[in-house]
Amino acid sequence: MAGSKYAYVKNFEIPDPLLPNTYMVLRVDGHGFHRFSESHSFTKPNDQRALELMDAAALAVMQEYRDIVLAFGESDEYSFLFRRSTQLYNRRQSKILSTLVSYFTSCYVMNWSKYFPSTPLEYPPSFDGRIVLYPTEKEVRDYFSWRQADTHINNLYNTLFWALVQQGEMTPADAHATLKGTVSGQKHEMLHSRFGINYNTLSARFRKGSVITRKTVINFIVWIDGLETPESVPSDEPDGLKRKTKPKVTLEISHVDIIGDEFWNKNSDIL
């Protein structure tokens, strides 16, 4: 269709391609979630329902966008790592950012009633986002290490803060003043001596965040007495009596350490 005389305004649009051959990380972060969590009576210091809802929204995003190879979530944020070679939306930053953040938000709202069946939404939640490019595997690993370290630091502080408020009957101002200048070891000791809480026994979901990876499952059809029997692991039968089925890719949520080498060695295909 021929352009109208007004089509010249399209020339004002600025191209925003992302640098090729770099690792792309998109971080989605709750906007104004301190107020949102209070308005909807989130359990402190951690609300299992709210964290599972964030996981559900992230899973939906990964199901929709297959170029995402890893996701990490804590509190009201999620980080998504794209494969280095992705050409999603021709690597246009504004297109990727706006589409994925809006999709994540929609999935969060769509799943709200599943996790908060007796708590109606008081007002629409919103998320902001940013895309950061990293040149090598080292920066990617350091980024996710940073986010998981942040999870631990924030959760340790919040666990002790709310123990002081809820069990120690302190005001929030007094609790903040008590914690000011304390280091990790002191917080652990205060939790244990004052409240009998061993921080290391708390749920790994709270301490380590949520990690979503893709897993490829290869099933085998094995012929036994002329009948086909599905098996999820290779059979010891001769190769002539079995055949592979089409590989199936599934999404797996775990709450594990991603700072050390073990996770990355086990999931070497991510990078």
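Nothing fancy with the numbering, it's 1 onward along the sequence.
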So, R205 and T151: side-chain donor and acceptor under 3.5 Å apart, yes or no?
no

Does the ring centre of H40 sit less than 6.0 Å away from the ring centre of F116?
no

For residues V109 and V28: do they belong to one hydrophobic cluster (side chain heavy atoms under 4.5 Å, members Ile, Leu, Val, Met, Phe, Trp, Tyr)?
yes

If you count every heavy atom of other residues, nucleotides or ligands that lies below 6.0 Å from Y123 atom OH, does the total exceed 12?
yes

Is the shortest side-chain N to carboxylate O distance from D16 to K95 below 4.0 Å?
no

So which atom in V211 and which in V256 form the shortest heavy-atom distance, rounded to 0.1 Å?
CG2-O, 4.1 Å

Modelled atom types, side-chain donor and acceptor of K187 and T159, under 3.5 Å
no

Could you walk me through whether Y157 and H176 pass the side chain to side chain donor-acceptor pair (under 3.5 Å) check?
CA-CA 10 Å; Y157 185 97; H176 280 304; 2.7 Å; yes

Is it the case that atom CD in Q186 sees more than 12 heavy atoms from other parts of the structure closer than 6.0 Å?
yes

Suppose we call two aromatic rings close when their centres sit under 6.0 Å apart. Are Y143 and Y23 close by that rule?
no

Considering only heavy atoms from C-beta outward, does the side chain of N265 approach that of F263 to under 4.5 Å?
no

Would you say that more than 12 heavy atoms from the other residues, nucleotides or ligands in this model lie under 6.0 Å from the CZ of R194, or not?
no

According to a hydrophobic-cluster definition based on side-chain heavy atoms being under 4.5 Å apart (Ile, Leu, Val, Met, Phe, Trp, Tyr only), do V101 and L53 belong together?
yes

Do F104 and M54 come close enough that some side-chain heavy atom pair is under 4.5 Å?
yes

Will you find, in the side chains of N154 and N158, an N or O donor that is under 3.5 Å from an N or O acceptor?
no

Between L81 and I270, is there a side-chain heavy-atom distance shorter than 4.5 Å?
yes

Among the clusters formed by ILVMFWY side chains lying less than 4.5 Å apart, do I153 and L160 turn up in the same one?
no

Decide whether M24 and Y134 are clustered together by the hydrophobic rule: side chain heavy atoms of Ile, Leu, Val, Met, Phe, Trp, Tyr closer than 4.5 Å, transitively.
no

In terms of heavy-atom contacts, does NE2 of H31 have more than 12 from other residues, nucleotides or ligands at under 6.0 Å?
no

Run the ring-centre check on Y199 versus H188 and record whether the distance is less than 6.0 Å.
yes

Under 3.5 Å side-chain donor-acceptor pair for D174 and T171:
yes

Backbone N/O of L179 and side chain of T182: donor-acceptor pair under 3.5 Å
yes

Using atom types as modelled and distance alone, determine if a side-chain donor or acceptor of R214 lies under 3.5 Å from a backbone N or O of I68.
yes

Side chains of W162 and V165: does their closest heavy-atom pair fall under 4.5 Å?
yes

Quick check against the 3.5 Å criterion: does W264 have a side-chain atom that pairs as donor or acceptor with the backbone of I258?
yes

Is the distance between the ring centroids of Y65 and F80 under 6.0 Å?
no

Would you say L156 and L191 make side-chain contact, with heavy atoms under 4.5 Å?
yes

Value for CG (N198) from CG (L202), rounded to nearest 0.5 Å, stands at 7.5 Å

Test: R35 and E38 ion pair at under 4.0 Å:
no

Looking at H152 and S184, what are the two nearest heavy atoms and their distance?
NE2-OG, 4.1 Å

So with a 6.0 Å cut-off around CD of Q87, is the heavy-atom count from everything else above 12?
yes

Does a sphere of radius 6.0 Å around NZ in K215 hold more than 12 heavy atoms from other residues, nucleotides or ligands, not counting ones at 6.0 Å or beyond?
yes

In this structure, OH of Y89 is separated from CG of L18 (nearest 0.5 Å) by 13.5 Å

Would you call R147 and E77 a salt bridge, using N to O less than 4.0 angstrom?
yes

Evaluation steps, side-chain contact (heavy atoms from CB on, under 4.5 Å), between I212 and L59:
CA-CA 8 Å; I212 307 179; L59 281 168; 3.9 Å; yes

Is there side-chain contact between Q148 and K208, with heavy atoms separated by less than 4.5 Å?
yes

Would you indicate whether the side-chain heavy atoms of I197 and Q167 approach each other to under 4.5 Å?
yes

Tightest non-hydrogen contact, residues M62 and A71, listed as SD-CB, 3.7 Å

Rounded to the nearest 0.5 Å, what separates atom CG in L26 from atom CZ in F82?
5.5 Å

Could you walk me through whether R49 and E52 pass the salt bridge (Lys or Arg N to Asp or Glu O under 4.0 Å) test, one step at a time?
CA-CA 5 Å; R49 303 164 301 170; E52 290 177 353; over 6 Å; no

Has R91 got a side-chain atom pairing as donor or acceptor with L19's backbone, closer than 3.5 angstrom?
yes

Counting N and O atoms only, with roles assigned by atom type, does the side chain of N11 sit under 3.5 Å from a partner on the main chain of Y8, one being a donor and the other an acceptor?
yes

Side chain to side chain donor-acceptor pair (under 3.5 Å) between D29 and Y78: does it pass, once the steps are laid out?
CA-CA 7 Å; D29 200 356; Y78 243 99; over 6 Å; no

Electrostatic pair D67-R84, nearest N-O below 4.0 angstrom
no

How about F36 and W112: are their ring centres within less than 6.0 Å of each other?
yes

In Å, rounded to the nearest 0.5 Å, how long is the span from CG of L51 to CD of E74?
10.0 Å

Does S4 use its side chain to pair, donor to acceptor, with the backbone of Y6 at less than 3.5 Å?
yes

Where do I259 and D257 come nearest, in terms of heavy atoms and distance?
N-OD2, 3.2 Å

Provide the closest heavy-atom pair for S210 versus H255 in the form atom of the first, atom of the second, distance.
OG-CE1, 3.2 Å

Side chains of S79 and F144, heavy atoms from C-beta outward: is any pair under 4.5 Å?
yes

Say whether, by atom type as modelled, one donor and one acceptor occur between the side chain of D47 and the main chain of A50 under 3.5 angstrom.
yes

V25, Y103: one ILVMFWY side-chain cluster at the under-4.5 Å cut-off?
no

Does F42 form a ring pair (Phe, Tyr, Trp, His ring centres under 6.0 Å) with F33? I'd like the steps, not just the answer.
CA-CA 10 Å; F42 282 14; F33 255 60; 7.1 Å; no

Atom pair CG (N21) and OG1 (T86), whose distance is rounded to the nearest 0.5 Å:
12.0 Å

Separation between CG (L97) and CD (Q93), nearest 0.5 Å, reads 6.5 Å

Apply salt bridge (Lys or Arg N to Asp or Glu O under 4.0 Å) to residues D261 and R141 and explain how you reach the verdict.
CA-CA 10 Å; D261 292 335; R141 284 191 53 174; 2.8 Å; yes

